[in-house]
A.B. asks: 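Sharing a structure with you now.
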2 protein chains.
Amino acid sequence: MRIKTRDRIVLAAVELFNRDGEQNVTTNHIAAHLGISPGNLYYHFRNKEDVIRAIFGLYAEDLASHMAPPSPDEGDSLRTSIRYLDGVLHIMWRYRFIYENLPDLLGRDAQLREDYKQVQRLVFNTLQDHLRGLQAASILLADEQQLAMLSHLFKQLAMFWIPYQLTLHPQEPITQRRLRGLIPQLLFLFRPYIAQPHLAELDEIGRYFSQQDAT
Amino acid sequence: MRIKTRDRIVLAAVELFNRDGEQNVTTNHIAAHLGISPGNLYYHFRNKEDVIRAIFGLYAEDLASHMAPPSPDEGDSLRTSIRYLDGVLHIMWRYRFIYENLPDLLGRDAQLREDYKQVQRLVFNTLQDHLRGLQAASILLADEQQLAMLSHLFKQLAMFWIPYQLTLHPQEPITQRRLRGLIPQLLFLFRPYIAQPHLAELDEIGRYFSQQDAT
DNA sequence: GTCTATACAACGATAGAC
DNA sequence: GTCTATCGTTGTATAGAC
């Protein structure tokens with residue numbers, strides 16, 4: 001079963017955006033990369049923003065599936081946190097161009113702003129649910145206000161980890177390894193609020209992600 | 001004594017970049033805003049990046065003067081922290097367009113990358129010195145590694161506070177009031193590491209900045 | 001659905017007169 | 001130092017044939 005041209009365009013766009021930066025990729029580049037004509041692309045999409053919106057649809061789907069709330073039988077150990085963090089890194093990697101200049105993307109397209117608001121609400125709630133699970137299990141010791149603060153800081157640190165890396169080393173390409181550097185920052189943020197009996201598990205999470213760096 | 005055209009260009013550029021976003025302001029816009037011709041602008045600057053570099057020079061000067069280390073007689077109370085934070089907010093406000101898309105600016109201009117590296121080293125050292133002062137005064141209880149982490153997180157949160165705000169409310173313009181919203185986040189970050197006798201002072205800092213919101 | 005060809009706008013930048 | 005006029009390039013988007 002052949003892949004529809006429309007989908008090939010979306011896939012190619014993601015690839016090129018991630019590789020060269022969304023700003024540097026034109027509709028012509030995408031068409032050329034696929035070996036189709038610019039006119040053909042415009043048959044399937046009204047303009048470049050329309051392509052981006054389609055990608056955003058994929059992004060939203062991916063988020064929903066990868067950051068699903070933990071299944072009830074899994075409990076609320078820090079172990080499920082690994083799954084959650086893995087999901088975060090996976091999404092960040094797959095759609096890294098979005099994180100590279102999100103404010104700009106949103107500034108240009110009102111439709112995208114709406115889509116983003118929806119997605120963001122979902123993400124934030126999932127995160128809060130996750131933290132509340134840890135709270136209920138007496139792993140995370142924080143009141144309502146602290147939990148809200150931690151959620152916001154988590155979100156901000158994760159969202160702008162890639163731009164931050166780009167300011168530190170503007171030339172080096174983003175790699176999955178570099179993305180993982182986010183984890184220690186997040187763990188450090190939460191550490192003061194983790195109950196002592198569970199601090200060892202926190203370190204275990206850190207090791208889990210840093211071990212992958214070695215291979 | 002009349003202001004030189006060259007300087008007027010730089011000043012106008014800052015104003016327009018801050019108001020409309022650097023991406024949306026062309027050399028023609030700047031010239032038109034000043035009532036001079038495009039050709040005239042190109043007599044004074046080789047291109048737009050050259051203008052940005054000039055602005056960056058101002059930025060570096062301003063940083064050096066506003067984030068100077070505390071004078072010795074001031075001691076290392078949390079009170080000097082207010083001065084420091086005030087400086088940070090002042091710079092962020094004056095050159096907010098820089099923070100709006102720093103990765104992009106750096107990505108385009110190798111010269112700017114070098115300038116930025118210099119400036120960044122200065123900023124980071126000043127921050128670390130400041131924290132070390134608090135540490136020496138037994139206000140901040142943190143080992144070397146924690147202090148490094150806190151510095152990095154401080155920097156990341158401050159640098160991307162504006163882009164973060166832009167994702168939350170892409171339409172609303174950045175105001176000084178919104179900038180001040182950064183302060184509670186920073187205080188929250190440091191709170192677990194502040195010695196108990198000084199927690200009250202921390203809250204005082206918070207009040208200092210939130211009181212300004214009311215006026 | 002796909003192609004070729006092209007119109008159109010915006011921006012960066014320069015030449016040459018004053 | 002400053003202006004007018006203009007060129008070249010690039011990216012978006014459409015028209016019309018196949």
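Values below: all heavy atoms of this structure, side chains included; hydrogens, waters and symmetry mates excluded. Throughout, protein chains are lettered first and strands after them, A, B, ... in sequence-line order, and every chain is numbered starting at 1. All values derive from a computational prediction rather than experimental measurement.
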A.B. asks: What is the per-nucleotide protein-contact pattern of nucleotides 3-18 of chain C, from the 5' end, where B denotes a base atom under 4.0 Å from a protein heavy atom, S denotes such proximity for sugar-phosphate atoms only, and - denotes neither?
C.D. replies: BB------SSBB----

A.B. asks: Are the side chains of A:L41 and A:L34 in contact, using a 4.5 Å heavy-atom criterion?
C.D. replies: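 No, every pair of side-chain atoms sits at 4.5 Å or beyond.
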
A.B. asks: Using a strict 4.0 Å threshold on nitrogen-to-oxygen distance, state whether B:R178 and B:E172 make a salt bridge.
C.D. replies: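 No.
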
A.B. asks: Tell me the interatomic distance from A:H44, atom NE2, to D:dA13, atom C1', rounded to whole angstroms.
C.D. replies: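 Atom-to-atom, A:H44 to D:dA13, this comes out as 16 Å.
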
A.B. asks: Separation of A:I30 atom CD1 from D:dA13 atom P, in whole Å?
C.D. replies: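 Atom CD1 in A:I30 sits about 12 Å away from atom P in D:dA13.
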
A.B. asks: Does the ring centre of A:Y193 sit less than 6.0 Å away from the ring centre of B:F188?
C.D. replies: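 Yes.
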
A.B. asks: Does a salt bridge link A:R53 with A:E114, judged by any charged N lying under 4.0 Å from a carboxylate O?
C.D. replies: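 Salt bridge: no.
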
A.B. asks: Are the side chains of A:F97 and A:R19 in touch, meaning some heavy atoms are under 4.5 Å apart?
C.D. replies: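 No, side chains not in contact.
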
